[in-house]
Amino acid sequence: MSLVFGQVEPAVFQAYAFWGAVLGLKMLLMSVLTGMQRGSKKVFSNPEDVKPGGKVAYNDPDVERVRRAHRNDMENILPYFIIAFLYMFTSPSVFVAVNLFRLVATVRISHTVFYVFAKQHSVRGLSWAVGFVTTVFMAVQILLHFL
């Protein structure tokens, strides 16, 4: 039986697995951060969750900021997982692949920090753009490789 895609370099897979786990944990922590923000502001999305002194609200600006950051992760990290996985099958340079995976994880973390905590639009926008362009680069490499 022949291999359809060839072999994935173990160092590339190891980097994908490591940085993918980092990003997966980061996304899971966004749910925790949303819950912590709801608890500290005493605004809840379900009546049965309301604590004494709290209320049901869907428009608290601080809670919504965390939720938007989480949604942005889902819009960008989930496609990245698929594209980066397929990118491994293009026989990329180990150095390039490892650093692309590292770069995306770093800028996605910085995006959240600057979105939720520092509220710095320019750095947040740059972080988003670097991650987006990096993911597009990998997608184009996949298309060219399998053309």
Looking at CZ of Phe13 and CD of Gln7, how far apart are the two atoms once the value is rounded to the nearest 0.5 Å?
-> 13.5 Å
May I have the step-by-step check of side chain to side chain contact (heavy atoms under 4.5 Å, CB included) for Gln37 and Lys41, ending in yes or no?
-> CA-CA 6 Å; Gln37 191 72 291; Lys41 301 289 297 265; 4.1 Å; yes
Between NZ on residue Lys26 and OG1 on residue Thr112, distance to nearest 0.5 Å | 2.5 Å
With respect to Tyr115, which candidate in His121, Arg68, Arg65 satisfies the side-chain hydrogen bond (donor to acceptor under 3.5 Å, both in side chains) definition?
-> Arg68
Do Val22 and Ile109 touch side chain to side chain, with heavy atoms closer than 4.5 Å?
-> yes
Got more than 12 heavy atoms from elsewhere within 6.0 Å of CD, Gln14?
-> no
How many angstroms lie between atom CZ of Arg102 and atom CH2 of Trp19, to the nearest 0.5 angstrom?
-> 6.0 Å
Single-linkage hydrophobic cluster, 4.5 Å side-chain cutoff, Val96 and Met138 together | yes
Single-linkage hydrophobic cluster, 4.5 Å side-chain cutoff, Val56 and Val63 together = no
Output a table of donor-acceptor pairs, distance under 3.5 Å, between side-chain atoms of residues 80-88 and any protein atom two or more places apart or on a different chain; print 'none' if there are none.
none

Near Tyr58 OH, under 6.0 Å, is it more than 12 heavy atoms from other residues, nucleotides or ligands?
-> yes
Closest non-hydrogen atoms of Met30 and Ala69, given as atom of the first, atom of the second and distance, are CE-CB, 3.7 Å
When hydrophobic residues are tied together by side-chain contacts of less than 4.5 Å, even through go-betweens, does Leu100 share a cluster with Leu78?
-> yes
Separation between NE2 of His145 and OG of Ser91, rounded to the nearest 0.5 Å | 5.5 Å
Is Leu23 close to Arg108 at the side-chain level, that is, under 4.5 Å between some pair of heavy atoms?
-> yes
Could you tell me whether a side-chain N or O of Asp60 sits under 3.5 Å from a main-chain N or O of Asp62, the two making a donor and an acceptor?
-> yes
Report yes if the side chains of Val98 and Tyr16 come closer than 4.5 Å at any heavy-atom pair, otherwise no.
-> no
Does Leu33 reach the side chain of Val116, with side-chain heavy atoms less than 4.5 Å apart?
-> yes
Hey, mind stepping through Phe89 and Ile142 against side chain to side chain contact (heavy atoms under 4.5 Å, CB included) and telling me if it holds?
-> CA-CA 8 Å; Phe89 295 102; Ile142 294 163; over 6 Å; no
Co-membership, hydrophobic cluster, residues Leu126 and Val107, 4.5 Å side-chain | yes
Exercise: identify the closest heavy-atom pair between Thr90 and Gln141 = CG2-O, 4.2 Å
Rounded distance [0.5 Å steps], OG in Ser127 versus CG in Asn76 | 11.5 Å
Hey, could you give me the NE2/CG distance between His111 and Asn72, rounded to the nearest 0.5 Å?
-> 4.0 Å
Answer yes or no: are there more than 12 heavy-atom neighbours, outside Arg38 itself, under 6.0 Å from its atom CZ?
-> yes
Under 6.0 Å from the CE atom of Met74, do we count more than 12 heavy atoms belonging to anything else shown?
-> yes
Side chain proximity check, Ser31 to His70, heavy atoms < 4.5 angstrom | yes
What are the two closest heavy atoms between Gly131 and Val104, and how far apart are they?
-> O-CG2, 4.4 Å
Check whether any side-chain heavy atom of Leu147 sits under 4.5 Å from a side-chain heavy atom of Leu143, and report yes or no.
-> no
Does Phe101 belong to the same Ile/Leu/Val/Met/Phe/Trp/Tyr cluster as Val136, with side-chain heavy atoms less than 4.5 Å apart forming each link?
-> no
Do the non-hydrogen side-chain atoms of Leu28 and Val32 ever get within less than 4.5 Å of each other?
-> no
